[in-house]
Asker: 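One structure follows; several queries about it will come next.
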Amino acid sequence: MTMAVHLGPMERVLVQQILDAQHASGAYPACESFSAYKGYSWFRDGSFIAYSMSLVGETESASKFHNWVASAVTAWSDRVDGLLGELDGGAGPSITGMLPTRLSLQGEEVSEGWWNHQVDGFGTWLWAIGEFVEKGDEVPTQWIQAMEVLGRYLCGFGSLPCYDWWEEHIDQIHSSTLGCVIVGLRVVERTQGIDTELRDLARVRAEELFSILMNEGVHDGHLTKWLGSDAVDGSLSALIAPLRVINPRDPLSAQTIEAVTNDLSVGGGVYRFQSDTYFGGGRWPILSAFLGLAQIEIGNTEAALKCRDWIRGTFEEGIPEQDSSMLLAPDHLDTWREKWGESAHPLLWSNAMYLALETRLQEIGVSHETVS
Ligand code: BGC
């Protein structure tokens, strides 16, 4: 999957920041300079970072991350069986027992004090493995074992309510989370070496979840923030690209992109959702990158370039989690600053998604522009 990507000065800084920050264990920290994230690696952030790092040719770095995840996950095999047993027994498993959302950089589980139980990251990791492994390549045994553990977990728990990409609304089933679970299960289904019964089950569950998404996660022709809602969320673009849960040619793709653009995008920057108050609710570079990637898939290169250029404008020794101009809820900014200090910068996931967008633009022949 390595391509001849041209990295300009800015892109080289972004890649180097990720390489420098990667822990010896293989973990990608979310942001070491931000108090609330320091010392932790999220499955969600890390999987997208690994994806982008292999796109820019840093496959060894991506492979180290995957090894790190695989070694943590294989140790959870009995625990997952126990949780599935509780489910079969009719009792809903307790949230505290569910698999963690983030790990310490050493790979330890520190679940207290965070919004645990977010299943999207496991689906995204499976998807990232599917992207990483070249067709026909043998998948390392430990990765297969980890994929089986997470495959079983997602077959059992992938459609239960849980926290979303933003670690909110545990009472809902979120469309973006479902999308991540679906693509993860699709990878389990097609991976040689995984137990065949599990592969069959993954296919059935992926199809079931896809019909739930189509029946309950669509309003007025576009995907919705959660099942039964009529609102959109900036994360939905990811289901079109790079995750490809939805075929870009399906009108649902264009209509979702249109709804996200109309409701959440200003000048190429994208808000998470309308009522966001986190650090005042600014526009998030990762979401512009996802929107840009989705726009490319439906042929709107100009719109994708607008997203790319907006993200470049946020660059200042790396790309931040969010841009602090044009806040949706400026009155909330100080409260967060008092609590946790300045918001995350650079956020390694932001660096990574910009790199993914830039790589894709180069792939379709849009030339690279350097920053003076
Ligand atoms: C975001 C998550 C992200 C985490 C680490 C949280 O504020 O809501 O999506 O995974 O930060 O970057």
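Note that these values count all heavy atoms, side chains included, but never hydrogens, waters or copies made by symmetry. Ligands are counted one by one from 1 in listed order, and the atoms in each one are counted from 1 as well.
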Asker: Sequence neighbours excluded, which residues qualify as ring pair (Phe, Tyr, Trp, His ring centres under 6.0 Å) partners of Tyr271?
Answerer: none

Asker: According to ring pair (Phe, Tyr, Trp, His ring centres under 6.0 Å), who are the partners of Phe210, at least two apart in sequence or on a separate chain?
Answerer: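 So Phe210 forms no ring pair (Phe, Tyr, Trp, His ring centres under 6.0 Å) with any residue.
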
Asker: Students should find this: residues with any non-hydrogen atom under 4.0 Å from ligand 1. What is the answer?
Answerer: Ala30, Tyr37, Trp42, Arg44, Asp45, Trp165, Trp166, Glu167, Arg272, Tyr278, Glu321, Leu347, Trp349

Asker: Please check if the distance between the ring centroids of Trp165 and Phe290 is under 6.0 Å.
Answerer: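 Under 6.0 Å, so yes.
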
Asker: Sort and list the pairs that fulfil salt bridge (charged side-chain N to carboxylate O under 4.0 Å, His left out) and have at least one residue in residues 242-263, not counting sequence neighbours.
Answerer: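 Passing the test, one end in residues 242-263: Arg244-Glu297.
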
Asker: Please name the pair of heavy atoms, one in Gly341 and one in Phe279, separated by the smallest distance, quoted to 0.1 Å.
Answerer: O-CE2, 3.1 Å

Asker: CG of Asp171 to SG of Cys162: how many Å apart, nearest 0.5 Å?
Answerer: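 Output value for this atom pair is 11.0 Å.
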
